[in-house]
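Computed from a predicted structure; not experimentally measured. The first residue in the sequence is number 1, and the count goes up from there.
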Amino acid sequence: MPDARTRSSWLSRDVILLSLCSLFGDISTEMLYPILPIFLTGVLGASGSVVGLVDGIAQATQDIVQGLSGSLSDRMQRRKPIALAGYLVSAISKPLTGLAVTWPMVLGARFLDRIGAGTRSAPRDALIAAAAPEEHRGKAFGLEGIGDNLGAFLGPLIAVLLLGAFRLDMRVIFYLTVIPGLLAFVMVLFVREERADFAAKAKVDMSFGRFSRAYWKYLLATGLFCIGNSSNAFLILETQAAGASVENTVLVYAGFNFVAALISYPTGFLSDRFGRRNLLLAALAVFFVAYGGFALTANVWIVAILFVCYGAYQGTFRTVGKAFAADLVPRELRAGGIGWYNSLVGLTQLLASLIAGLLWDHLGHQAVFLYGAIFAVVGALAILIVVPSDNPKSTRSD
(Lines give C-alpha, C1' and ligand atoms only; values in the text may rest on other atoms or scores of the structure.)
Protein backbone atom coordinates (compact mmCIF):
# COMPACT_ATOMS: atom_id res chain seq x y z
CA MET A 1 0.00 0.00 0.00
CA PRO A 2 1.19 3.54 -0.66
CA ASP A 3 2.05 5.79 2.24
CA ALA A 4 -1.01 7.26 3.99
CA ARG A 5 0.05 10.81 3.30
CA THR A 6 -0.03 10.20 -0.49
CA ARG A 7 -3.29 8.24 -0.74
CA SER A 8 -5.41 11.25 -1.58
CA SER A 9 -3.41 12.54 -4.51
CA TRP A 10 -0.43 11.49 -6.59
CA LEU A 11 0.65 15.14 -6.99
CA SER A 12 2.10 15.47 -3.51
CA ARG A 13 4.45 18.09 -2.13
CA ASP A 14 7.28 15.57 -2.20
CA VAL A 15 6.71 14.66 -5.86
CA ILE A 16 6.94 18.37 -6.74
CA LEU A 17 10.08 18.92 -4.64
CA LEU A 18 11.80 15.86 -6.10
CA SER A 19 10.87 16.98 -9.63
CA LEU A 20 12.41 20.40 -8.92
CA CYS A 21 15.45 18.63 -7.50
CA SER A 22 15.84 16.75 -10.79
CA LEU A 23 15.35 20.00 -12.70
CA PHE A 24 18.21 21.79 -10.94
CA GLY A 25 20.41 18.69 -10.86
CA ASP A 26 20.17 18.24 -14.59
CA ILE A 27 20.69 21.92 -15.33
CA SER A 28 24.00 21.50 -13.52
CA THR A 29 24.89 18.30 -15.36
CA GLU A 30 23.80 19.44 -18.81
CA MET A 31 25.62 22.76 -18.67
CA LEU A 32 28.71 20.55 -18.71
CA TYR A 33 27.78 17.45 -20.71
CA PRO A 34 27.25 18.68 -24.30
CA ILE A 35 30.46 20.73 -24.37
CA LEU A 36 32.56 18.07 -22.65
CA PRO A 37 33.21 15.93 -25.79
CA ILE A 38 34.18 19.13 -27.65
CA PHE A 39 36.41 20.17 -24.73
CA LEU A 40 38.10 16.76 -24.74
CA THR A 41 38.70 16.60 -28.48
CA GLY A 42 39.13 20.30 -29.32
CA VAL A 43 40.95 21.66 -26.26
CA LEU A 44 42.73 18.65 -24.77
CA GLY A 45 43.31 16.80 -28.08
CA ALA A 46 41.71 13.49 -27.01
CA SER A 47 40.53 10.84 -29.51
CA GLY A 48 37.07 9.34 -30.04
CA SER A 49 38.12 6.28 -28.03
CA VAL A 50 38.99 8.52 -25.09
CA VAL A 51 35.57 10.21 -25.33
CA GLY A 52 33.92 6.79 -25.22
CA LEU A 53 36.15 5.70 -22.32
CA VAL A 54 35.54 8.83 -20.22
CA ASP A 55 31.80 8.90 -20.77
CA GLY A 56 31.39 5.14 -20.47
CA ILE A 57 33.31 4.93 -17.19
CA ALA A 58 31.45 7.96 -15.83
CA GLN A 59 28.05 6.51 -16.70
CA ALA A 60 28.91 3.04 -15.47
CA THR A 61 30.26 4.45 -12.20
CA GLN A 62 27.00 6.29 -11.62
CA ASP A 63 24.84 3.26 -12.26
CA ILE A 64 26.98 0.73 -10.39
CA VAL A 65 26.94 3.02 -7.36
CA GLN A 66 23.16 3.27 -7.70
CA GLY A 67 22.83 -0.43 -7.01
CA LEU A 68 25.06 -0.20 -3.95
CA SER A 69 23.42 2.96 -2.58
CA GLY A 70 19.97 1.54 -3.28
CA SER A 71 20.79 -1.63 -1.34
CA LEU A 72 22.23 0.44 1.52
CA SER A 73 19.08 2.58 1.51
CA ASP A 74 16.90 -0.53 1.69
CA ARG A 75 18.96 -1.99 4.52
CA MET A 76 18.74 1.26 6.50
CA GLN A 77 15.16 1.93 5.34
CA ARG A 78 16.29 5.55 4.87
CA ARG A 79 16.30 7.39 1.56
CA LYS A 80 16.74 11.10 2.21
CA PRO A 81 20.17 11.23 3.96
CA ILE A 82 21.80 9.14 1.22
CA ALA A 83 20.22 11.25 -1.52
CA LEU A 84 21.43 14.44 0.18
CA ALA A 85 25.00 13.16 0.39
CA GLY A 86 24.97 12.28 -3.29
CA TYR A 87 23.66 15.67 -4.40
CA LEU A 88 26.28 17.48 -2.34
CA VAL A 89 29.21 15.43 -3.69
CA SER A 90 28.00 15.88 -7.26
CA ALA A 91 27.52 19.64 -6.88
CA ILE A 92 31.00 20.35 -5.53
CA SER A 93 32.88 17.98 -7.88
CA LYS A 94 31.64 19.23 -11.27
CA PRO A 95 33.70 22.45 -11.21
CA LEU A 96 36.88 20.34 -10.95
CA THR A 97 36.53 19.64 -14.68
CA GLY A 98 37.43 23.25 -15.32
CA LEU A 99 40.84 22.70 -13.72
CA ALA A 100 41.76 19.79 -16.03
CA VAL A 101 44.75 20.11 -18.38
CA THR A 102 44.80 16.44 -19.46
CA TRP A 103 42.01 13.98 -20.19
CA PRO A 104 42.79 11.74 -17.15
CA MET A 105 42.04 14.77 -14.96
CA VAL A 106 38.66 15.10 -16.69
CA LEU A 107 38.08 11.40 -16.06
CA GLY A 108 38.84 11.88 -12.35
CA ALA A 109 36.45 14.81 -12.03
CA ARG A 110 33.71 12.97 -13.90
CA PHE A 111 34.31 9.85 -11.79
CA LEU A 112 33.76 11.79 -8.55
CA ASP A 113 30.73 13.61 -9.97
CA ARG A 114 29.12 10.35 -11.07
CA ILE A 115 29.78 8.74 -7.67
CA GLY A 116 27.61 11.51 -6.26
CA ALA A 117 25.01 11.08 -8.98
CA GLY A 118 24.88 7.33 -8.43
CA THR A 119 24.59 7.72 -4.66
CA ARG A 120 21.57 10.01 -4.92
CA SER A 121 19.54 8.48 -7.74
CA ALA A 122 18.14 5.19 -6.41
CA PRO A 123 17.11 6.62 -2.99
CA ARG A 124 15.52 9.58 -4.77
CA ASP A 125 13.62 7.25 -7.10
CA ALA A 126 12.43 5.22 -4.11
CA LEU A 127 11.17 8.45 -2.53
CA ILE A 128 9.23 9.20 -5.72
CA ALA A 129 7.76 5.69 -5.85
CA ALA A 130 6.62 6.07 -2.22
CA ALA A 131 5.21 9.57 -2.78
CA ALA A 132 2.36 8.49 -5.09
CA PRO A 133 -0.24 5.70 -5.07
CA GLU A 134 0.80 2.65 -7.07
CA GLU A 135 -1.81 3.19 -9.78
CA HIS A 136 -0.31 6.64 -10.48
CA ARG A 137 3.36 5.70 -10.22
CA GLY A 138 4.01 6.22 -13.92
CA LYS A 139 2.67 9.78 -13.70
CA ALA A 140 4.87 10.54 -10.69
CA PHE A 141 7.95 9.29 -12.52
CA GLY A 142 6.75 11.18 -15.58
CA LEU A 143 6.63 14.47 -13.68
CA GLU A 144 10.11 13.81 -12.31
CA GLY A 145 11.15 13.01 -15.87
CA ILE A 146 9.84 16.39 -17.00
CA GLY A 147 12.03 18.04 -14.38
CA ASP A 148 15.04 15.94 -15.36
CA ASN A 149 14.71 16.47 -19.11
CA LEU A 150 13.65 20.11 -18.83
CA GLY A 151 16.83 20.66 -16.85
CA ALA A 152 18.70 18.86 -19.61
CA PHE A 153 17.09 21.30 -22.06
CA LEU A 154 17.82 24.45 -20.06
CA GLY A 155 21.38 23.48 -19.14
CA PRO A 156 22.69 23.52 -22.73
CA LEU A 157 20.81 26.76 -23.45
CA ILE A 158 22.53 28.38 -20.49
CA ALA A 159 25.85 27.04 -21.76
CA VAL A 160 25.19 28.48 -25.25
CA LEU A 161 24.24 31.83 -23.74
CA LEU A 162 27.41 31.92 -21.69
CA LEU A 163 29.56 30.79 -24.64
CA GLY A 164 27.96 32.99 -27.31
CA ALA A 165 26.58 36.13 -25.67
CA PHE A 166 29.04 36.47 -22.81
CA ARG A 167 32.02 34.85 -24.56
CA LEU A 168 32.97 32.90 -21.47
CA ASP A 169 35.59 30.18 -21.64
CA MET A 170 34.36 26.58 -21.36
CA ARG A 171 36.24 26.23 -18.09
CA VAL A 172 34.23 29.06 -16.50
CA ILE A 173 31.00 27.29 -17.44
CA PHE A 174 32.25 24.20 -15.62
CA TYR A 175 32.81 26.33 -12.50
CA LEU A 176 29.28 27.79 -12.65
CA THR A 177 27.62 24.36 -12.56
CA VAL A 178 27.96 24.41 -8.76
CA ILE A 179 25.05 26.89 -8.45
CA PRO A 180 22.16 24.73 -9.77
CA GLY A 181 23.83 21.70 -8.18
CA LEU A 182 23.47 23.23 -4.72
CA LEU A 183 19.87 24.27 -5.47
CA ALA A 184 19.07 20.60 -6.13
CA PHE A 185 20.55 19.74 -2.74
CA VAL A 186 18.30 22.35 -1.08
CA MET A 187 15.16 20.85 -2.68
CA VAL A 188 15.87 17.47 -1.08
CA LEU A 189 16.29 19.12 2.32
CA PHE A 190 12.55 19.93 2.33
CA VAL A 191 11.38 16.43 1.36
CA ARG A 192 9.61 14.58 4.18
CA GLU A 193 10.47 10.96 4.85
CA GLU A 194 8.67 8.76 7.33
CA ARG A 195 11.00 6.68 9.49
CA ALA A 196 10.58 2.93 9.23
CA ASP A 197 10.03 1.22 12.56
CA PHE A 198 12.34 -1.52 13.84
CA ALA A 199 10.03 -4.33 12.73
CA ALA A 200 10.00 -3.01 9.17
CA LYS A 201 13.79 -2.82 9.15
CA ALA A 202 14.10 -6.36 10.50
CA LYS A 203 12.15 -7.71 7.51
CA VAL A 204 14.62 -6.39 4.98
CA ASP A 205 16.67 -9.25 3.52
CA MET A 206 19.06 -8.08 0.82
CA SER A 207 19.27 -11.51 -0.84
CA PHE A 208 18.88 -11.24 -4.60
CA GLY A 209 16.60 -14.25 -4.27
CA ARG A 210 13.83 -11.94 -3.12
CA PHE A 211 13.65 -10.35 -6.55
CA SER A 212 11.05 -12.00 -8.80
CA ARG A 213 11.71 -14.02 -11.95
CA ALA A 214 9.89 -11.33 -13.90
CA TYR A 215 12.38 -8.74 -12.60
CA TRP A 216 15.37 -10.79 -13.74
CA LYS A 217 13.81 -11.41 -17.16
CA TYR A 218 13.23 -7.69 -17.48
CA LEU A 219 16.88 -7.01 -16.66
CA LEU A 220 17.99 -9.60 -19.23
CA ALA A 221 15.99 -7.96 -22.00
CA THR A 222 17.15 -4.48 -20.97
CA GLY A 223 20.78 -5.57 -20.97
CA LEU A 224 20.55 -7.06 -24.46
CA PHE A 225 19.33 -3.73 -25.78
CA CYS A 226 21.78 -1.58 -23.83
CA ILE A 227 24.80 -3.47 -25.19
CA GLY A 228 24.22 -1.35 -28.30
CA ASN A 229 23.13 1.84 -26.54
CA SER A 230 26.35 3.86 -26.46
CA SER A 231 26.87 7.32 -25.03
CA ASN A 232 25.00 10.30 -26.45
CA ALA A 233 28.44 11.89 -26.77
CA PHE A 234 28.74 10.13 -30.14
CA LEU A 235 25.51 11.77 -31.33
CA ILE A 236 26.96 15.13 -30.29
CA LEU A 237 30.21 14.47 -32.14
CA GLU A 238 28.37 13.27 -35.25
CA THR A 239 26.21 16.40 -35.27
CA GLN A 240 29.32 18.56 -35.21
CA ALA A 241 31.02 16.33 -37.82
CA ALA A 242 28.03 16.87 -40.12
CA GLY A 243 28.83 20.59 -40.14
CA ALA A 244 27.07 22.16 -37.14
CA SER A 245 28.93 24.79 -35.12
CA VAL A 246 29.64 24.28 -31.43
CA GLU A 247 26.74 26.58 -30.47
CA ASN A 248 24.32 24.93 -32.92
CA THR A 249 25.38 21.47 -31.79
CA VAL A 250 24.55 22.39 -28.21
CA LEU A 251 21.21 23.86 -29.34
CA VAL A 252 20.33 20.63 -31.15
CA TYR A 253 21.19 18.72 -27.99
CA ALA A 254 18.94 21.08 -26.03
CA GLY A 255 16.12 20.35 -28.49
CA PHE A 256 16.63 16.63 -27.93
CA ASN A 257 16.19 17.14 -24.19
CA PHE A 258 13.17 19.40 -24.70
CA VAL A 259 11.39 16.64 -26.63
CA ALA A 260 12.34 14.19 -23.87
CA ALA A 261 10.83 16.55 -21.29
CA LEU A 262 7.61 16.97 -23.28
CA ILE A 263 7.08 13.24 -23.67
CA SER A 264 8.03 12.06 -20.18
CA TYR A 265 4.67 12.65 -18.49
CA PRO A 266 2.43 11.43 -21.37
CA THR A 267 4.35 8.17 -21.66
CA GLY A 268 4.27 7.69 -17.88
CA PHE A 269 0.52 8.28 -17.94
CA LEU A 270 0.03 5.89 -20.87
CA SER A 271 2.11 3.21 -19.16
CA ASP A 272 -0.21 3.42 -16.12
CA ARG A 273 -3.17 2.84 -18.40
CA PHE A 274 -1.86 0.39 -21.01
CA GLY A 275 1.18 -1.28 -19.45
CA ARG A 276 4.91 -0.58 -19.46
CA ARG A 277 6.02 -3.15 -22.06
CA ASN A 278 4.20 -1.57 -25.00
CA LEU A 279 5.71 1.84 -24.24
CA LEU A 280 9.21 0.37 -23.99
CA LEU A 281 8.80 -1.29 -27.39
CA ALA A 282 7.74 2.07 -28.85
CA ALA A 283 10.85 3.68 -27.34
CA LEU A 284 13.11 1.08 -28.94
CA ALA A 285 11.41 1.67 -32.30
CA VAL A 286 12.30 5.38 -32.05
CA PHE A 287 15.86 4.44 -31.13
CA PHE A 288 16.13 2.17 -34.18
CA VAL A 289 14.86 4.85 -36.57
CA ALA A 290 17.18 7.51 -35.13
CA TYR A 291 20.32 5.37 -35.12
CA GLY A 292 19.50 3.96 -38.56
CA GLY A 293 19.10 7.50 -39.85
CA PHE A 294 22.41 8.60 -38.33
CA ALA A 295 24.08 5.67 -40.10
CA LEU A 296 22.57 6.50 -43.49
CA THR A 297 22.99 10.27 -43.76
CA ALA A 298 25.52 12.99 -43.07
CA ASN A 299 23.19 15.87 -43.97
CA VAL A 300 23.37 18.31 -41.08
CA TRP A 301 19.64 19.15 -41.17
CA ILE A 302 18.54 15.51 -41.20
CA VAL A 303 21.03 14.67 -38.47
CA ALA A 304 19.72 17.54 -36.36
CA ILE A 305 16.08 16.50 -36.84
CA LEU A 306 16.87 12.88 -35.99
CA PHE A 307 18.77 13.94 -32.87
CA VAL A 308 15.88 16.08 -31.66
CA CYS A 309 13.31 13.35 -32.37
CA TYR A 310 15.53 10.86 -30.55
CA GLY A 311 14.40 12.68 -27.41
CA ALA A 312 11.15 10.70 -27.65
CA TYR A 313 13.17 7.57 -26.92
CA GLN A 314 15.04 9.22 -24.05
CA GLY A 315 11.94 10.51 -22.28
CA THR A 316 10.04 7.24 -22.65
CA PHE A 317 12.82 4.82 -21.76
CA ARG A 318 13.90 6.77 -18.68
CA THR A 319 10.38 7.19 -17.28
CA VAL A 320 8.83 3.83 -18.13
CA GLY A 321 11.99 1.78 -17.55
CA LYS A 322 12.34 2.83 -13.91
CA ALA A 323 8.61 2.59 -13.24
CA PHE A 324 8.62 -0.98 -14.60
CA ALA A 325 11.57 -1.91 -12.36
CA ALA A 326 9.72 -0.44 -9.35
CA ASP A 327 6.64 -2.54 -10.21
CA LEU A 328 8.57 -5.80 -10.13
CA VAL A 329 10.15 -5.65 -6.65
CA PRO A 330 8.75 -5.55 -3.08
CA ARG A 331 8.37 -2.07 -1.63
CA GLU A 332 11.02 -2.60 1.05
CA LEU A 333 13.57 -3.51 -1.66
CA ARG A 334 12.52 -0.83 -4.14
CA ALA A 335 15.63 1.37 -3.95
CA GLY A 336 17.85 -1.66 -4.53
CA GLY A 337 15.63 -2.96 -7.33
CA ILE A 338 15.73 0.34 -9.20
CA GLY A 339 19.39 0.78 -8.37
CA TRP A 340 20.48 -2.61 -9.71
CA TYR A 341 18.38 -2.02 -12.83
CA ASN A 342 20.37 1.17 -13.37
CA SER A 343 23.59 -0.66 -12.60
CA LEU A 344 22.88 -3.09 -15.42
CA VAL A 345 22.11 -0.20 -17.76
CA GLY A 346 25.38 1.47 -16.77
CA LEU A 347 27.58 -1.61 -17.20
CA THR A 348 26.15 -2.49 -20.58
CA GLN A 349 26.36 1.13 -21.74
CA LEU A 350 30.00 1.22 -20.67
CA LEU A 351 30.63 -1.79 -22.89
CA ALA A 352 28.61 -0.18 -25.69
CA SER A 353 30.56 3.09 -25.40
CA LEU A 354 33.93 1.34 -25.45
CA ILE A 355 32.91 -0.63 -28.53
CA ALA A 356 31.50 2.50 -30.15
CA GLY A 357 34.76 4.37 -29.55
CA LEU A 358 36.72 1.62 -31.30
CA LEU A 359 34.24 1.52 -34.17
CA TRP A 360 34.39 5.32 -34.46
CA ASP A 361 38.19 5.36 -34.71
CA HIS A 362 38.77 2.25 -36.85
CA LEU A 363 35.65 1.57 -38.98
CA GLY A 364 34.06 5.00 -39.21
CA HIS A 365 31.12 6.86 -37.75
CA GLN A 366 28.50 4.85 -39.63
CA ALA A 367 29.50 1.63 -37.87
CA VAL A 368 28.65 3.09 -34.44
CA PHE A 369 25.05 3.72 -35.39
CA LEU A 370 24.52 0.50 -37.35
CA TYR A 371 25.74 -1.38 -34.29
CA GLY A 372 23.24 0.44 -32.07
CA ALA A 373 20.34 -0.10 -34.50
CA ILE A 374 21.01 -3.86 -34.61
CA PHE A 375 20.86 -4.17 -30.83
CA ALA A 376 17.66 -2.13 -30.71
CA VAL A 377 16.09 -4.97 -32.73
CA VAL A 378 17.69 -7.59 -30.46
CA GLY A 379 16.37 -5.79 -27.37
CA ALA A 380 12.87 -5.46 -28.78
CA LEU A 381 12.76 -9.18 -29.59
CA ALA A 382 13.99 -10.01 -26.09
CA ILE A 383 11.26 -7.87 -24.53
CA LEU A 384 8.63 -9.61 -26.67
CA ILE A 385 9.94 -13.08 -25.86
CA VAL A 386 10.98 -13.02 -22.18
CA VAL A 387 9.10 -10.09 -20.59
CA PRO A 388 5.43 -10.93 -20.00
CA SER A 389 2.82 -8.46 -21.13
CA ASP A 390 2.09 -6.40 -18.04
CA ASN A 391 -1.44 -5.78 -16.86
CA PRO A 392 -1.55 -2.48 -14.95
CA LYS A 393 -3.84 -4.11 -12.38
CA SER A 394 -1.72 -7.19 -11.77
CA THR A 395 1.98 -6.35 -11.99
CA ARG A 396 2.22 -3.79 -9.22
CA SER A 397 4.10 -5.14 -6.22
CA ASP A 398 2.57 -3.05 -3.41
Side-chain angles (χ1 to χ4, degrees), residues 20-46 50-51 54-55 57-59 61-62 87-117 120 147-187 231-241 244-258 260-261 304 307 311:
L20 288 172
C21 168
S22 288
L23 171 69
F24 290 122
D26 253 58
I27 288 175
S28 177
T29 295
E30 300 297 339
M31 285 173 63
L32 176 152
Y33 184 79
I35 60 176
L36 188 60
I38 301 168
F39 178 72
L40 281 167
T41 57
V43 177
L44 302 183
V50 167
V51 172
V54 170
D55 200 75
I57 289 178
Q59 188 61 47
T61 297
Q62 173 182 345
Y87 274 104
L88 183 60
V89 169
S90 188
I92 63 178
S93 61
K94 282 189 181 72
L96 298 178
T97 307
L99 301 175
V101 293
T102 62
W103 72 259
M105 294 177 69
V106 174
L107 176 60
R110 286 284 288 161
F111 180 76
L112 185 58
D113 169 36
R114 294 299 91 185
I115 285 178
R120 77 198 187 198
D148 181 271
N149 289 300
L150 186 60
F153 168 67
L154 294 174
L157 291 184
I158 294 170
V160 167
L161 179 65
L162 296 174
L163 281 171
F166 294 95
R167 304 295 180 185
L168 294 183
D169 186 86
M170 288 184 188
R171 296 179 186 276
V172 177
I173 296 173
F174 297 151
Y175 302 146
L176 293 175
T177 59
V178 70
I179 298 172
L182 290 177
L183 287 174
F185 172 82
V186 170
M187 292 300 105
S231 165
N232 289 339
F234 292 102
L235 300 177
I236 293 171
L237 290 176
E238 180 65 13
T239 303
Q240 191 180 28
S245 67
V246 173
E247 289 81 4
N248 287 337
T249 298
V250 176
L251 286 173
V252 169
Y253 181 73
F256 149 77
N257 284 303
F258 184 65
F307 199 166

Trainee: Under the salt bridge (Lys or Arg N to Asp or Glu O under 4.0 Å) definition, can you give me all pairs with a residue in residues 176-187, not counting sequence neighbours?
Mentor: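 Residue pairs passing salt bridge (Lys or Arg N to Asp or Glu O under 4.0 Å), neighbours aside: none found.
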Trainee: Could you check Ile35, Leu168, Leu157 and say which one makes a side chain to side chain contact (heavy atoms under 4.5 Å, CB included) with Leu162?
Mentor: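 It is Leu168; the other options fail the test.
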Trainee: How would you list, by chain and number, every residue that makes a side chain to side chain contact (heavy atoms under 4.5 Å, CB included) with Leu161, sequence neighbours excluded?
Mentor: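 Checked Leu161 against side chain to side chain contact (heavy atoms under 4.5 Å, CB included); matches are Ala165, Phe166.
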Trainee: Enumerate the residue pairs fulfilling salt bridge (Lys or Arg N to Asp or Glu O under 4.0 Å) with a member in residues 157-186, sequence neighbours excluded, ordered by first and then second residue.
Mentor: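 Qualifying pairs: none.
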Trainee: Restricting to pairs with a member in residues 20-41, which pass ring-ring contact (aromatic ring centres under 6.0 Å, His included), not counting sequence neighbours?
Mentor: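 Matches after skipping sequence neighbours: Tyr33-Tyr253, Phe39-Phe174.
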Trainee: A side-chain contact here means heavy atoms from C-beta on lying under 4.5 Å apart; do Leu235 and Phe256 qualify?
Mentor: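 A side-chain contact under 4.5 Å is absent here.
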Trainee: Please check this pair: side chain of Tyr87 against backbone of Gly25, looking for a donor-acceptor N/O pair closer than 3.5 Å.
Mentor: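 Flag not set: sc Tyr87 to bb Gly25 has no pair under 3.5 Å.
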Trainee: Once side chain to side chain contact (heavy atoms under 4.5 Å, CB included) is applied, do any residues pair with Val186, and if so which ones, sequence neighbours excluded?
Mentor: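 Val186 satisfies side chain to side chain contact (heavy atoms under 4.5 Å, CB included) with Phe190 only.
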Trainee: Under a 4.5 Å cut-off applied to non-hydrogen side-chain atoms, are Trp103 and Val51 in contact?
Mentor: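 Contact flag for Trp103/Val51 side chains = no.
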Trainee: Mind checking what makes salt bridge (Lys or Arg N to Asp or Glu O under 4.0 Å) contact with Arg110, not counting sequence neighbours?
Mentor: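 Once residues adjacent in sequence are excluded, the partners of Arg110 under the salt bridge (Lys or Arg N to Asp or Glu O under 4.0 Å) criterion are Asp55, Asp113.
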Trainee: Has Phe111 got more than 12 heavy atoms of other residues, nucleotides or ligands less than 6.0 Å from its CZ?
Mentor: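 Result for CZ/Phe111: open.
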Trainee: Any donor and acceptor pair, going by atom type alone, linking the side chain of Thr97 with main-chain N or O of Val106 inside 3.5 Å?
Mentor: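 Not confirmed, Thr97 side chain does not pair with Val106 backbone.
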